[in-house]
Amino acid sequence: MKKSFIILSCALLASGAFAQGQGVKDRLKAHVYTLASEEFAGRKPNTHGDTLAVNYIREQLKALPGFKLLAKDGLQEFSYSAYRSLTDEGNTLKAGKRALVLGRDFIPSVTSNTGTFSGKVIDLGEGKARDYEGKDVKGKFVVVHLTPRSYSDGSEQRSRETTALKNGAKGILMVGQPLSNLPARWPSGPDFMVMKVSEKAANTLLAQKQLEATVSIDVNTEHTFNVVAKIEAPEENNPEGDVLILGAHYDHMGLEEFEGEPAIFAGADDNASGTAGILELARYISERRAFLKKDVIVILFGAEERGLKGSRYYAEHPVEPLDNVKAMVNIDMMGRMPNERTLGIRGLGSAYEAPALFASLPNNDNLELVWEFREKGPTDYSSFYAKGIPAFSFGTPHHVDYHKPTDTPDRINYDGMVMVYNYAVNLINRLAFEPLRLTYRPQPQK
């Protein structure tokens, strides 16, 4: 009799997911358009847009039957050392005896170390590894020429910095892209200077063959929140008090410079889409709460773009002990399902049973599933795996609008979001509505 009840319950749960149909799509779309709206201004931590997002998410969870807000009315406040920024004074550059002008001729990168610098200047062309062959740059400052663009290319800049460091340079001066800064949390290397300079300034420095500089940088403290709510399974269904955590980060990059102009980085895919997905999964659970076999804690994390700050803070300061948490499921970017219907799932190496679990899940939309077995990745599930919890993360592929102002709600594939939601529901049915326990798999020793 008990066995037939379980089968009936699962059938009821599965049919319910598809019965919602268009309603799920409309709600997902409404969440994304709200969170990625101009009013929310990119949800940058420590801003008004961040506060608007927090309040919106809290009210959505508060309205779901069975959910109760944890922490302080649903908000877990935290602060952290955030991105570095130039100080108002104390940044100088001289070519010989000639003083160059901050903002016109040069700008120290916030990846630079602070302090006073002086030494010889040499031209290293593109600054790739081959350009250093047969050249002694130890203790010198190298001028490198980036690919001309109307915006700063962080990946190229970082690559040139790393190459200069490996070859013993004392600093790098980059030419070819706007004098602007990308966010940075730490310097590239100890006693290493990083600057961007104009073409004219670079020629002046190379003619003089000598520079003197000072770099002054502050590290900012920011404050933001995790939004936390919980729904409890009926006590008779969950005598051991098992817990499942669902999470996504809601923050993004806010107002930043792009191609020389201020622009809102709306973050529709990253990660208004994942936030919307978690809110709808919370609704799904709420409507079937009588069948729950685990308590479910829902967390929308702040400051992920600052380096997983919110999830790491929660993992170190959980609102409720982590002892009974049996699994964590994260969504980071579910809004750009390609024609190939590709969905990535990270963390299959975090539990011994995970490959068999995912192999057995229904795939009603014929998604092309890309399994990643690595236990850690650059999103919030890693914070929980580090605490001994099996953890997984869903995501559709990166795209040309990633971390650009063009990541807007009109470019989201809402039908694709429903497909990801449907697949996530199948996992939630197993993890939350069955007494399934996963066994944590430690990271293999290298």
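FYI, the numbering just counts along the sequence from 1. We use all heavy atoms of the structure for the numbers below, so side chains are in, but hydrogens, waters and symmetry mates are not.
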> Nearest 0.5 angstrom please: His317 NE2 to Asn226 CG, how far?
11.5 Å
> Is it true that a side-chain atom of Arg58 and a backbone atom of Ala229 form a donor plus acceptor pair closer than 3.5 Å?
no
> If we ignore hydrogens and angles and just use 3.5 Å, is the side chain of Ser350 paired with the main-chain N or O of Ala391 as donor and acceptor?
yes
> When you measure from the side chain of Asn167 to the backbone N and O of Ala164, does any donor-acceptor pair fall under 3.5 Å?
no
> Arg312 side chain to Gly307 main-chain N or O, any donor-acceptor pair under 3.5 Å?
yes
> Please determine if Lys29 forms a cation-pi arrangement with Tyr414, meaning its NZ or CZ atom is less than 6.0 Å from the six-membered ring centre and no more than 45° off the ring axis.
yes
> Taking side chain as C-beta onward, heavy atoms only, is Glu368 less than 4.5 Å from Leu343?
no
> Quick one: does Asn237's side chain have a donor or acceptor within less than 3.5 Å of a partner on Ala233's backbone?
no
> Might you work through the side chain to side chain contact (heavy atoms under 4.5 Å, CB included) test for Ser286 and Phe67, ending with a clear yes or no?
CA-CA 7 Å; Ser286 170; Phe67 272 93; 4.1 Å; yes
> Please test Asn181 against Tyr83 for side-chain hydrogen bond (donor to acceptor under 3.5 Å, both in side chains), starting from the C-alpha separation and ending with a verdict.
CA-CA 11 Å; Asn181 268 314; Tyr83 288 141; over 6 Å; no
> Looking only at heavy atoms, what is the nearest atom pair of Val142 and Ala169, with distance?
CG1-CB, 4.3 Å
> If we count only N and O atoms by modelled type, under 3.5 Å, do the side chains of His252 and Glu304 hold a donor and an acceptor together?
no
> Quick one about Asp270 and His249 (side-chain donor to acceptor, distance below 3.5 Å, no hydrogens or angles considered), yes or no?
yes
> Got a second to check how far Arg411's CZ is from Thr406's OG1, nearest 0.5 Å?
5.0 Å
> Would you mind checking if Asp251 and Lys44 are paired as a salt bridge, meaning a charged N to carboxylate O distance below 4.0 Å?
no
> Do Thr379 and Asn330 make a side-chain contact, defined as non-hydrogen atoms from C-beta onward lying under 4.5 Å apart?
yes
> Show the numbers, then the answer: is there a side-chain hydrogen bond (donor to acceptor under 3.5 Å, both in side chains) between Glu222 and Asn46?
CA-CA 6 Å; Glu222 292 181 344; Asn46 207 49; 5.2 Å; no
> Got a salt bridge between Arg130 and Glu126, using NZ or NE/NH1/NH2 to carboxylate O under 4.0 Å?
yes
> Working to the nearest 0.5 Å, report the span between CD of Gln157 and OG1 of Thr162.
10.0 Å
> Closest heavy-atom contact between Ile278 and Ala248?
CG1-CB, 3.6 Å
> Mind listing the closest non-hydrogen atom pair of Leu173 and Met193 along with its distance?
CD2-CE, 4.1 Å
> Is Glu353 paired with Arg437 through a side-chain N to carboxylate O contact shorter than 4.0 Å?
no
> Short question: side chain of Lys62, backbone of Ile57 - any donor-acceptor pair under 3.5 Å?
no
> Heavy-atom distance under 4.5 Å between the side chains of Leu246 and Ile297, does that happen here?
no
> Among side-chain atoms of Asp269 and Ser273, is any donor-acceptor pair under 3.5 angstrom?
yes
> Quick check for you: to the nearest 0.5 Å, what is the distance between Asn91 atom CG and Ile107 atom CD1?
8.5 Å
> Is the shortest heavy-atom distance from the side chain of Thr147 to the side chain of Asp153 under 4.5 Å?
no
> Aromatic contact between Phe392 and Phe358, with the criterion being ring centroids under 6.0 Å apart: yes or no?
yes
> Looking only at heavy atoms, which two atoms of Lys196 and Ser152 are closest? And how far apart?
NZ-OG, 2.7 Å
> Might you work through the side chain to side chain contact (heavy atoms under 4.5 Å, CB included) test for Leu361 and Tyr423, ending with a clear yes or no?
CA-CA 8 Å; Leu361 293 182; Tyr423 189 78; 3.8 Å; yes
> Check the pair Tyr440, Tyr385 against ring pair (Phe, Tyr, Trp, His ring centres under 6.0 Å), reporting the backbone distance first and the verdict last.
CA-CA 8 Å; Tyr440 173 76; Tyr385 177 76; 5.0 Å; yes
> Please check if the side chain of Thr114 supplies one atom and the backbone of Val215 the other of a donor-acceptor pair under 3.5 Å.
no
> Do Arg430 and Leu357 have side chains that get closer than 4.5 Å, going by heavy atoms?
yes
> For the atom pair CG (Leu279) and CZ (Arg283), what is the distance rounded to the nearest 0.5 Å?
9.0 Å
> What's the spacing between Ser79 OG and His223 NE2 if we round to 0.5 Å?
5.0 Å
> Within the 3.5 Å criterion, strictly below it, is a donor on Tyr250 or Thr224 matched to an acceptor on the partner's side chain?
yes
> For Ser311 and Phe384, which heavy atoms make the closest approach, and how far apart are they?
CB-CE1, 4.2 Å
> Any ion pair linking Lys293 and Asp242 (charged N to carboxylate O, less than 4.0 Å)?
no
> Just checking, Arg289 and Phe291: is the charged tip under 6.0 Å from the six-membered ring centre and within 45° of the axis?
no
> Would you check, one step at a time, whether the test side chain to side chain contact (heavy atoms under 4.5 Å, CB included) holds for Lys326 with Val243?
CA-CA 6 Å; Lys326 303 308 176 187; Val243 176; over 6 Å; no
> What about Tyr314 and Phe78, are their ring centers closer than 6.0 Å?
no
> Just by distance, no angles: are the side chains of Glu280 and His31 close enough, under 3.5 Å, to form a donor-acceptor pair?
yes
> Keeping Arg84 on the side-chain end and Val110 on the backbone end, is there a donor-acceptor pair under 3.5 Å?
yes
> Just do the side-chain hydrogen bond (donor to acceptor under 3.5 Å, both in side chains) check on His403 and Glu305 with the steps written out, would you?
CA-CA 10 Å; His403 280 198; Glu305 300 288 359; 3.2 Å; yes
> Counting heavy atoms not belonging to Asp73, are there more than 12 under 6.0 Å from its CG?
yes
> What I want to check is whether the side chains of Glu161 and Thr111 have a donor and an acceptor closer together than 3.5 Å.
yes
> Answer yes or no: is there a donor N or O on one side and an acceptor on the other, between the side chain of Asn413 and the main chain of Gly416, under 3.5 Å?
yes
> For the CG atom on Asp410, are there more than 12 heavy atoms of other groups (residues, nucleotides or ligands in this structure) within a distance under 6.0 Å?
yes
> Between Thr87 (side chain) and Asp218 (backbone), is there a donor-acceptor pair under 3.5 Å?
no
> Is any side-chain heavy atom of Ile428 less than 4.5 Å from a side-chain heavy atom of Leu281?
yes
> Which is it for Gln177 and Glu156 under the side-chain hydrogen bond (donor to acceptor under 3.5 Å, both in side chains) test, yes or no, and what are the steps along the way?
CA-CA 11 Å; Gln177 294 181 8; Glu156 186 177 21; 3.1 Å; yes
> Quick one: closest heavy-atom pair of Pro108 and Met195, and the distance?
CA-CG, 3.8 Å
> As a quick check of understanding, evaluate side chain to side chain contact (heavy atoms under 4.5 Å, CB included) for Val144 and Val175, giving each step before the final call.
CA-CA 6 Å; Val144 303; Val175 186; over 6 Å; no
> Using a distance-only test with no angle check, is there a side-chain donor-acceptor pair under 3.5 angstrom linking Tyr421 and Asp365?
no
